[in-house]
Undergrad: 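Please read through the structure below; I'll follow up with questions.
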Protein chains: 2
Amino acid sequence: MHILIVEDELGIVQFLKQGLEEEGYLVSTANDGSKGFEMTQNQKFDLILLDWMIPKINGLDLCKAIRVKDQTTPIIFLTAKDTVQETIQGLKAGANDYIKKPFSFEELVERIKIHFRSKKQTETLTLGTITMDLSKHVVLKGGEEIALTQREFELLAYLIQNKAKVCTRNQILRDVWEINFEYDTGVIDVFMNAIRKKLNLKIEEDYIKTIRGVGYIAND
Amino acid sequence: MHILIVEDELGIVQFLKQGLEEEGYLVSTANDGSKGFEMTQNQKFDLILLDWMIPKINGLDLCKAIRVKDQTTPIIFLTAKDTVQETIQGLKAGANDYIKKPFSFEELVERIKIHFRSKKQTETLTLGTITMDLSKHVVLKGGEEIALTQREFELLAYLIQNKAKVCTRNQILRDVWEINFEYDTGVIDVFMNAIRKKLNLKIEEDYIKTIRGVGYIAND
DNA sequence: CGTTGGCTTAAAGTTTGCTTAAGATTCGGA
DNA sequence: TCCGAATCTTAAGCAAACTTTAAGCCAACG
């Protein structure tokens with residue numbers, strides 16, 4: 001995940017760069033608007049943090065300029081405390097989110113994560129000896145490929161993404177089947193059965209446990 | 001964590017309420033603006049979800065009205081797809097965040113969590129040497145896992161959540177069994193017995209006391 | 001010491017989840 | 001476009017686990 005920070009205050013830049021790198025992100029910086037624009041045109045970033053008050057080209061115009069060619073990369077504005085008006089303009093200009101200075105670093109990270117949620121698709125998930133590559137749609141168990149159908153794949157991915165948390169039947173229906181009302185015919189059971197069978201889970205590797213009366217839980 | 005939902009579409013309300021409750025939040029609802037306003041004046045919520053188009057008082061005016069007395073409680077707007085303009089007005093009126101319909105439930109939960117970050121949210125309950133993790137549905141006593149059934153789990157959690165307060169049999173029946181009329185066959189006794197037995201409570205660690213003629217009380 | 005309320009136990013009743021198979025539905029290729 | 005295969009969904013039987021009832025016993029409190 002590659003983040004671009006466009007900001008002129010050196011202290012803030014260092015603070016952000018270091019913090020985000022510790023979070024595992026690749027971070028590039030630009031200390032003025034035109035430099036920032038140049039960089040966005042030459043390479044692809046996964047997210048852009050944009051200060052409002054920057055030299056050469058201001059944040060708002062830079063945001064608009066980026067949006068001419070690229071409507072998808074999330075842009076988060078860092079706005080000064082009392083410039084709600086400007087924030088609003090930023091949103092109009094195509095920013096996805098805003099965060100007011102002074103902000104807590106934790107909150108910023110959470111905001112960033114939200115915008116990465118949709119990109120999570122490229123991630124690989126693991127559960128014990130099981131590996132899933134979401135982008136390639138491949139499941140391996142101990143290096144051997146397991147053929148899963150679409151729904152089976154989604155269900156397994158969902159459980160792993162919520163590793164160590166109980167997933168209720170309703171939650172599963174809501175998030176995997178996108179059924180938003182109480183309605184249980186036992187589909188989930190059928191799919192759990194199929195997954196367990198295909199993965200050939202032994203007793204000593206019951207990565208997916210049933211919690212009677214509640215739902216299911218995945219755990220290494 | 002107590003969330004207020006102000007929304008008139010019954011389907012959405014139910015969907016949100018159930019989902020958020022499963023996430024461990026306490027949820028109250030109001031189906032029009034004036035009801036919503038009344039509720040905010042009479043009690044304190046930790047977060048407010050506000051639809052734009054609601055009867056009696058619209059979301060924008062309600063937001064402004066709430067902000068007269070209360071500038072801190074986070075307000076998240078649920079806005080219709082193509083009303084960016086309105087979203088902006090909402091932000092002006094003092095909302096902290098906005099989310100566009102149709103939204104993914106997962107994203108909503110993430111947004112809510114951000115606003116709760118400052119407040120600590122304990123997902124684990126403790127009682128003496130006993131620990132309960134609600135999301136994992138696990139009970140530990142001195143590090144050792146204790147297998148409880150669904151009802152046993154709920155009952156124990158209820159007692160711990162009401163630590164140091166007497167829970168009458170009727171309250172327990174109402175809140176754990178969801179029986180809202182006087183009706184006692186002695187089920188509670190049976191479950192208390194089972195819990196005490198499984199937790200193997202010694203005399204010197206009688207975390208759960210019986211109050212004869214009244215009910216039960218949990219205390220470290 | 002008798003009455004009341006709580007504890008304990010076991011058996012009956014109920015629910016839940018697993019499994020299987022058959023009926024829909026979807027999708028791709030001829 | 002139509003057909004066949006793969007996938008998804010429904011439904012029903014069964015077994016196991018859980019919940020409730022009920023009855024006898026015991027302890028607390030007057």
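Each chain gets a letter, A, B and so on, in the order the sequences are listed, and its residues count up from 1.
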Undergrad: Between B:Asp189 (CG) and D:dC25 (C1'), how many Å, whole number?
TA: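 Distance, rounded to whole Å: 14 Å.
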
Undergrad: Contact class for A:Tyr216 (heavy atom, under 4.0 Å): base, sugar-phosphate, or nothing?
TA: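 Sugar-phosphate: the residue A:Tyr216, judged by heavy atoms under 4.0 Å, touches backbone atoms but no base.
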
Undergrad: Have a look at A:Leu159 and tell me which of A:Ile208, A:Val176, A:Ile195 forms a side chain to side chain contact (heavy atoms under 4.5 Å, CB included) with it.
TA: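 The side chain to side chain contact (heavy atoms under 4.5 Å, CB included) with A:Leu159 is passed solely by A:Ile208 among A:Ile208, A:Val176, A:Ile195.
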
Undergrad: Does A:Gln150 CD have over 12 foreign heavy atoms under 6.0 Å away?
TA: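 Buried by this count: over 12 neighbours within 6.0 Å.
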
Undergrad: Taking the six-membered ring for Trp, are A:Trp177 and A:Phe191 ring centroids under 6.0 Å apart?
TA: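 Yes, they do, as the ring centres are separated by less than 6.0 Å.
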
Undergrad: Measure CD/A:Glu178 against P/D:dC8 and give the value in whole Å, please.
TA: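 Atom CD in A:Glu178 sits about 15 Å away from atom P in D:dC8.
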
Undergrad: Pairs of donor and acceptor atoms involving the side chains of residues 127-134 of chain B, under 3.5 Å and at least two apart or interchain, shall be tabulated with distances.
TA:
from     : atom 1 : to       : atom 2 : distance (Å)
B:Asp133 : OD1    : B:Ser135 : N      : 3.0
B:Asp133 : OD1    : B:Ser135 : OG     : 2.9
B:Asp133 : OD1    : B:Lys136 : N      : 3.0

Undergrad: Which nucleotide of DNA chain C is the first, and which the last, in the 5' to 3' direction, to come under 4.0 Å of a heavy atom belonging to chain B?
TA: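 The contact span of chain B on DNA chain C goes from C:dT4 to C:dT9.
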
Undergrad: Starting at atom CD1 of A:Ile195, determine the distance to atom P of D:dT7, rounded to an integer number of angstrom.
TA: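 About 14 Å, once rounded to whole Å.
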
Undergrad: Check the surroundings of atom NZ in A:Lys198: do more than 12 heavy atoms from other residues, nucleotides or ligands lie under 6.0 Å from it?
TA: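 Result for NZ/A:Lys198: enclosed.
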
Undergrad: Start at the 5' end of DNA chain C and walk down; is the nucleotide closest to A:Asn193 or to B:Ile211 reached first?
TA: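 Mapping each residue to its closest nucleotide by heavy atoms, the 5'-most match is B:Ile211.
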
Undergrad: Quick test of your reading of the model: are B:Lys163 and B:Asp220 salt-bridged, counting only N-O distances below 4.0 Å?
TA: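 Counted as a salt bridge, because a side-chain N and a carboxylate O are separated by less than 4.0 Å.
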
Undergrad: For A:Ile179 and D:dC8, give me the distance from atom CD1 to atom C1', rounded to whole Å.
TA: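 Rounding to the nearest Å, CD1 of A:Ile179 and C1' of D:dC8 are 11 Å apart.
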
Undergrad: State, to the nearest 10°, the angle formed by the axis through the first five base pairs of the helix from C:dC1-D:dG30 to C:dA30-D:dT1 and the axis through its last five.
TA: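 For the helix from C:dC1-D:dG30 to C:dA30-D:dT1, the axes at opposite ends meet at about 40°.
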
Undergrad: Tell me, for nucleotides 17-24 of chain D in 5' to 3' order, what letter each nucleotide earns: B for a base near a protein heavy atom under 4.0 Å, S for only sugar-phosphate near one, - for neither?
TA: BSSBBB--

Undergrad: Quick one: list whatever passes salt bridge (charged side-chain N to carboxylate O under 4.0 Å, His left out) with B:Asp189, sequence neighbours left out.
TA: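 With sequence neighbours excluded, B:Asp189 shows a salt bridge (charged side-chain N to carboxylate O under 4.0 Å, His left out) to B:Arg169, given in chain and number order.
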
Undergrad: Is there any ring pair (Phe, Tyr, Trp, His ring centres under 6.0 Å) pair reaching into residues 137-156 of chain A, and which pairs are they, with sequence neighbours excluded?
TA: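 For residues 137-156 of chain A: A:His137-A:Phe153.
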
Undergrad: Using whole Å, what does the distance between atom P of nucleotide D:dC8 and atom CD1 of A:Ile188 come to?
TA: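 Rounded to the whole Å, the gap is 14 Å.
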
Undergrad: So for atom CD, which belongs to B:Glu144, do other residues, nucleotides or ligands contribute more than 12 heavy atoms lying within a distance under 6.0 Å?
TA: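 Result for CD/B:Glu144: open.
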
Undergrad: State, with a plain yes or no, whether a side-chain heavy atom of A:Phe181 is found less than 4.5 Å away from one of B:Phe15.
TA: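 A:Phe181 does not reach B:Phe15 side chain to side chain.
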
Undergrad: Assess the residue pair A:Thr40 and A:Lys69 against the criterion (side-chain hydrogen bond (donor to acceptor under 3.5 Å, both in side chains)); give the C-alpha distance rounded to whole Å, side-chain angles, the decisive distance to 0.1 Å, and a yes or no.
TA: CA-CA 10 Å; A:Thr40 60; A:Lys69 281 199 174 176; over 6 Å; no

